[in-house]
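Heavy atoms only: backbone and side chains are in, while hydrogens, waters and symmetry mates are out. Both counts, for ligands and for their atoms, begin at 1 and track the order of listing.
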Amino acid sequence: MRDLLVKCKRYGKFLCQFAVEKMRGLDFTLPAASEEIQNSREYNGYCKTPEKHMALILQSLRVPYAESSFLDIGCGKGAVLREASKVPFRRVAGIELDGELTEIARRNMKKLGLERVECIQGNAVTFERYGEFNVFFLFNPFSSAVLSQVLEKILQTLEDSPREIYIIYHHPVHHHLLDVPGLHRESVLYDRLKNYETYIYTNRT
Ligand SMILES: C[S@@+](CC[C@H](N)C(=O)[O-])C[C@H]1O[C@@H](n2cnc3c(N)ncnc32)[C@H](O)[C@@H]1O
């Protein structure tokens with residue numbers, strides 16, 4: 001009975017958010033996945049990180065915001081980018097594989113007057129600009145094979161531009177891949193709405 005009540009509450013909240021967004025010409029809440037993603041075992045489709053949980057993550061980050069650049073890897077419709085724009089990061093950007101989702105993210109940012117947020121369309125595996133960022137966010141976007149390639153690319157950038165980095169891994173299905181020398185888990189947060197954990201890793205000593 002309790003489970004049913006929780007589900008009804010969650011669904012009610014989802015419908016309210018969807019309706020409010022529709023009225024404002026926004027689109028963050030509806031889950032989506034392109035055919036390519038639906039048919040792939042490598043990539044996961046879009047659903048957003050709840051705003052409250054993202055706010056908690058951002059509050060708990062101990063980073064010098066003004067000197068930090070935030071990248072959402074697999075940004076979908078841009079819900080996390082909107083939240084990250086509420087704190088004074090030097091820069092906020094997202095990369096998204098799906099062209100349609102990237103367009104929706106761009107429209108959302110424009111509608112909210114967040115033109116300084118960059119929504120890049122591309123594959124995280126072939127992305128060559130990780131060195132420009134130091135705070136990385138991932139909401140379980142892909143398989144372990146893809147994640148290990150992306151992590152390798154991020155860690156490689158430390159050779160050319162040594163810096164403090166943070167990797168925020170929401171719903172950390174393949175977290176064992178982050179147990180590498182030089183990185184440690186600094187904190188664990190819990191999203192009560194979806195029952196997901198978030199692990200925050202850093203190379204800060
Ligand atoms: C679970 S959603 C997370 C959306 C957003 N980060 C959030 O938390 O609200 C994962 C997103 O990753 C994208 N994605 C999957 N594989 C990707 C890849 N190789 N490169 C870029 N984006 C990818 C999917 O299209 C999807 O939009």
Sub-3.5 Å N/O-N/O distance, G74 and ligand 1: yes
Nearest-neighbour protein heavy atom for atom 27 (O) of ligand 1, which is reported as residue plus atom name and distance: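 Minimum-distance protein heavy atom for atom 27 (O) of ligand 1 reads E96 OE1, 2.8 Å.
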Atom 22 (N) of ligand 1: nearest protein contact (heavy atom, Å):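 Nearest protein contact, heavy atoms only, for atom 22 (N) of ligand 1 is L97 N, 3.1 Å.
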Flag for E21-T29: side-chain donor and acceptor within less than 3.5 Å: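 Yes, E21 and T29 have a side-chain donor paired with an acceptor closer than 3.5 Å.
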Between S187 and R62: side-chain donor-acceptor atoms closer than 3.5 Å: no
For ligand 1, is any non-hydrogen atom under 4.0 Å from [X]'s backbone (N, CA, C, O), its side chain (CB onward), both, or neither?
X    : answer
F137 : side chain
D72  : side chain
F139 : both
I73  : neither

Ring centroid separation Y169 to H175 under 6.0 Å: no
For atom 26 (C) of ligand 1, the option (of I168, I120, N44) bearing the nearest heavy atom: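 Comparing heavy atoms across I168, I120, N44, the nearest one to atom 26 (C) of ligand 1 lies in N44.
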A124 neighbourhood, listing ligand 1 atoms whose heavy-atom distance to it stays under 4.0 Å: 18 (C), 19 (N), 20 (N), 21 (C)
Heavy atom of G78, distance to ligand 1 below 4.0 Å: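 No.
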Contact with ligand 1 for V80, non-hydrogen, under 4.0 angstrom: yes
Side-chain donor or acceptor of N134 paired with backbone N/O of S69 under 3.5 Å: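 Present.
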